[in-house]
Amino acid sequence: MQRRTALKNVATTLAGLAALPAWANGWNQQQLSKTHFLTPAEDTLLAEVVETIIPATDTPGAKELGVHRFVQKMLDDCYDQKAQESFKAGLAALDGFSQQIFKKPFAEGTAPQRIYILEGTELSDDPAKKAFFGMVKNLTIQGYMNSEYVMTNLTHYEMIPGRFHGCVPVEKA
Amino acid sequence: MPNFNIDSQKARTYDAIVIGSGMSGGWAAKEFTEKGLKTLVLERGRDVKHNVDYPTTNKMPWEFEHRERMPREVVEANPIQSKCYNFKESAAHFFIRDQDQPYVQEKPFDWIRGYQVGGKSMLWARQTQRWSKYDFEGPARDGFAVEWPIGYDDIAPWYSYVEKFAGITGNKDGLDALPDGEFLAPHEMTCVEKYFKEKVAGTYKDRHIIIGRAAHLTDPQQIHYDQGRAKCQHRVMCERGCPFGGFFSANASTIPWAMKTGNMTLRPHSVVHSIIYDEKKQKATGVRVIDANTKEMTEFYARVIFVNAAAINSNLILLNSTSSRFPNGLGNDSGTLGRYFAFHNYRARISGEYEGFLDTTTDGRRPNGSYIPRFRNLYKQETSGPASRFLRGYAAGFSAHRRSGSDRDSLGASLKESLLHPELGNWSVGSHMMGETIPKESNYLALDPSLKDPYGLPQLKINVAYDDNDEKMVKDYLEQMTEMFTMAGFTNLRTSDSKQAPGLDIHEMGGVRMGKDPKTSMLNKWHQLHEVPNVFVTDGASMTSTSTQNPSLTYMAFTARAANHAVEEMKKKNL
Ligand SMILES: Cc1cc2nc3c(=O)[nH]c(=O)nc-3n(C[C@H](O)[C@H](O)[C@H](O)COP(=O)(O)OP(=O)(O)OC[C@H]3O[C@@H](n4cnc5c(N)ncnc54)[C@H](O)[C@@H]3O)c2cc1C
Ligand code: SF4
């Protein structure tokens with residue numbers, strides 16, 4: 001086979017993005033139970049939390065990119081019950097904190113007020129609340145940085161770099 | 001009716017049978033079919049066709065629902081496979097489910113498996129180094145296991161043969177410890193890797209840092225285009241299957257090549273149960289196969305049988321092939337079958353930072369790293385004293401990359417700003433050990449007398465452990481690397497010993513070892529069972545000792561050499 005034909009074959013495959021066949025599907029979530037561990041109200045609150053961590057500026061924030069859905073999916077499918085319970089506890093505490101300090105629910109606070117409340121959970125003596133802060137922050141960052149929007153428009157992910165240079169000046173990289 | 005039976009038997013008769021279609025079996029298939037032999041390749045898993053059956057290969061990172069992390073239920077149901085770093089959303093479908101083949105861990109052993117056409121060649125890290133004469137001479141010099149019946153000179157031409165076809169990138173470094181091969185253009189070392197190379201060369205006359213040798217087409221030749229493969233595009237997502245055929249796998253290379261000859265019958269879903277031994281003819285006549293879907297047993301026949309089921313399963317098949325002539329497993333007059341099992345010691349790591357070269361970085365991705373060939377006890381035994389004397393040595397991986405990261409302390413707009421504008425940090429440097437282990441009689445595989453797997457085959461008992469030699473080697477590796485890293489000015493050094501169980505190195509070897517003497521070994525210098533010469537074992541099971549190199553290149557060279565020998569012997573009517 002000539003080089004050109006080989007490359008043509010490759011191009012054909014690249015064009016056909018196949019759906020997962022049954023044998024590969026067996027490994028993903030479709031077999032898993034579909035119960036979401038957050039109620040719709042908690043989901044709405046979580047959307048405000050991720051937005052507080054990564055807000056809209058001149059580019060979309062975490063809420064618009066659906067990062068709260070990703071956070072919930074990870075907790076649903078990948079975390080154990082103990083982690084899920086800590087998460088719920090941490091989330092539930094936010095409104096209470098906010099009422100106590102600012103006399104309004106978390107979602108109605110200004111950005112600095114919400115940040116203040118979130119940082120409060122980080123400093124909490126309650127290990128569940130502390131754990132909540134770590135989980136929600138890390139998952140939010142992961143979901144945002146690995147979202148299609150960010151990888152396509154902001155960080156310009158390269159699927160096929162086609163090169164490796166071991167030692168280049170920093171400006172050129 | 002009798003005629004019908006004879007016809008059916010004829011339809012199930014081939015010149016050669018190959019058990020397993022992975023890294024080594026693919027080579028047997030290629031060699032036999034090219035030479036015109038009608039060849040039956042039996043594979044217990046499903047078919048995986050190059051490109052057609054790579055369902056995740058073009059997926060973007062955000063298309064993986066859990067961003068590559070495996071769901072909890074899957075991890076809990078597969079505690080063994082999930083220890084492998086490639087067991088992730090983009091590649092988990094190339095591993096077995098633990099429940100497909102249970103086994104008894106008399107001592108902890110992580111048996112990582114990929115059952116499909118291509119076997120583990122779909123999943124490997126593609127590191128390919130030749131053995132040197134010092135490796136083959138090891139057991140004789142240091143008095144362990146038994147002497148190898150072959151040496152470097154026997155195998156060197158076959159290394160060349162498989163390297164040219166598979167496509168191996170590397171640099172001609174001219175080192176005794178690691179002979180050069182037929183290399184395609186080398187990958188580049190990073191600034192700090194080059195710096196470390198020079199520093200080490202200036203301090204130790206016998207220690208070298210080189211660019212890794214790997215099965216990637218950096219510079220494809222006509223023979224690779226003929227296979228339908230093209231230049232590696234540096235995606236570094238090889239475990240998904242490569243649309244370019246940029247790395248060597250049986251799926252992209254040997255299997256389609258054998259298929260094209262028209263001489264291969266590839267039979268997936270065919271679990272080989274045992275090899276049939278005919279007492280009158282005093283040879284093996286075929287194999288018994290369980291259909292993975294219907295569980296029905298069928299026999300297939302051939303003049304020559306190649307066992308390439310990967311080391312542990314090759315042992316299992318021979319142990320399960322009993323007859324009144326061989327009550328303890330096929331060709332097992334020596335009683336060594338399943339014994340002298342060994343692996344590689346991958347426990348220790350070291351990492352650190354380097355504050356130099358801050359005006360430089362890397363660009364693109366490299367499916368390879370740098371490599372430190374074995375230097376310990378190479379020419380002679382040099383470690384001594386009760387606390388530090390150990391036999392053999394270790395090779396090591398080494399790599400250095402510029403770190404890039406963001407300050408994640410804040411929340412809100414400033415966090416977002418810093419995430420989107422990561423800053424370059426120091427270079428991070430790291431190394432992991434790859435230690436030789438000593439095959440011992442007490443490290444063994446055996447059949448459990450009562451437990452069966454879902455196909456009715458006996459379960460294996462695996463009884464393999466580290467020993468004092470391994471512990472001392474871990475210690476020495478960490479000491480020597482700490483010394484070398486410190487000498488090079490690397491800081492913030494962190495050492496670790498994962499204490500991972502044997503098996504996770506995925507370099508299982510032995511149990512059907514080669515040797516000169518039929519009383520103490522299973523295979524002769526052509527990989528034939530001493531007592532059943534038309535059965536060949538050419539995968540990791542045949543290894544007399546383990547050396548420090550990644551083993552697959554050697555299995556491939558062994559297989560090509562043995563297959564060509566078998567064809568010659570068949571022509572001479574000796575088989
Ligand atoms: C993550 C990972 C990284 C690795 N990195 C490297 C590396 O960098 N360098 C290196 O040299 N090696 C590496 N390896 C190891 C390498 O993959 C193996 O050494 C190699 O695949 C062994 O070849 P094989 O033919 O013996 O077995 P395999 O390639 O595993 O093929 C064996 C085949 O036999 C089939 N089979 C088993 N039992 C039966 C039966 N009873 N009947 C029918 N068929 C059967 C299996 O389904 C399988 O397809 C790595 C492995 C993994 C998983
Ligand atoms: S690094 Fe090369 S071989 Fe691996 S997936 Fe990419 S292009 Fe293919």
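In what follows, chains are A, B, ... by sequence order, proteins preceding strands, each numbered from 1.
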#### Entry: For chain B, the option from A:E51, A:R114, A:M151 that forms the most heavy-atom pairs under 4.5 Å
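The answer is A:M151.
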
### Message
Heavy-atom pairs under 4.5 Å with chain B: which of A:M145, A:H165, A:Q142 has the most?
### Response
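Most heavy-atom pairs within the cutoff with chain B belong to A:H165.
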
### Message
Less than 4.5 Å to any heavy atom of chain A: does that hold for the side chain of B:L419, its backbone, both, or neither?
### Response
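Both the backbone and the side chain of B:L419 come within 4.5 Å of chain A.
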
### Query
Side chain, backbone, both or neither: which part of B:S410 has a heavy atom under 4.5 Å from chain A?
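The backbone, not the side chain.
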
At a heavy-atom separation under 4.5 Å, does [X] approach chain B through its side chain, its backbone, both, or neither?
X	value
A:L154	side chain
A:T57	both
A:T59	both
A:A62	neither

### Query
Is there a side chain to side chain contact (heavy atoms under 4.5 Å, CB included) between B:T360 and A:C167 once you walk through the steps?
CA-CA 6 Å; B:T360 58; A:C167 202; 4.3 Å; yes

Could you give the distance from [atom1] ([X]) to [atom2] ([Y]), rounded to the nearest 0.5 Å?
X	Y	atom1	atom2	answer
A:Y79	B:R69	OH	CZ	4.5 Å
B:R365	A:M159	CZ	CE	8.5 Å
A:Q81	B:R72	CD	CZ	8.0 Å
A:Y149	B:W62	OH	CH2	13.0 Å
B:E65	A:K73	CD	NZ	4.5 Å
B:E68	A:N146	CD	CG	10.0 Å

Pairwise side-chain contact, [X] with [Y], heavy-atom cut-off 4.5 Å (strictly under):
X	Y	value
A:I160	B:F244	yes
A:P161	B:Q233	no
B:M60	A:E148	no

#### Entry: Among B:L420, B:L411, B:L358, B:L415, residue most engaged with chain A (heavy-atom pairs, under 4.5 Å)
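The candidate making the most pairs under 4.5 Å is B:L411.
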
### Query
Looking at B:R408, B:H224, B:H187, which one has more heavy-atom pairs under 4.5 Å with chain A than the rest?
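Heavy-atom pairs under 4.5 Å are most numerous for B:R408.
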
Looking only at non-hydrogen atoms, find the nearest pair between [X] and [Y] and report the distance.
X	Y	result
B:M70	A:C78	O-SG, 3.9 Å
A:D77	B:H66	OD2-NE2, 2.6 Å
B:E188	A:F164	O-CE2, 3.5 Å

### Message
Given 3.5 Å as the limit, does a donor-acceptor pair link the side chain of B:K416 with the main chain of A:P55, or not?
### Response
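Yes; judged by distance alone, with no hydrogens or angles, the pair exists.
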
### Query
Hey, are B:D363 and A:R163 close enough for a salt bridge, meaning a charged N less than 4.0 Å from a carboxylate O?
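Salt bridge flag = yes for A:R163 with B:D363.
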
### Task
Could you check B:L424 against A:V170 for side chain to side chain contact (heavy atoms under 4.5 Å, CB included), going step by step and ending with a plain yes or no?
CA-CA 9 Å; B:L424 288 174; A:V170 165; 3.7 Å; yes

### Query
Take atom OH in A:Y116; do more than 12 heavy atoms of anything else shown fall under 6.0 Å from it?
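No, not enclosed.
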
### Query
So with a 6.0 Å cut-off around NZ of A:K104, is the heavy-atom count from everything else above 12?
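Yes, NZ of A:K104 has more than 12 neighbouring heavy atoms, counting only those of other groups under 6.0 Å.
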
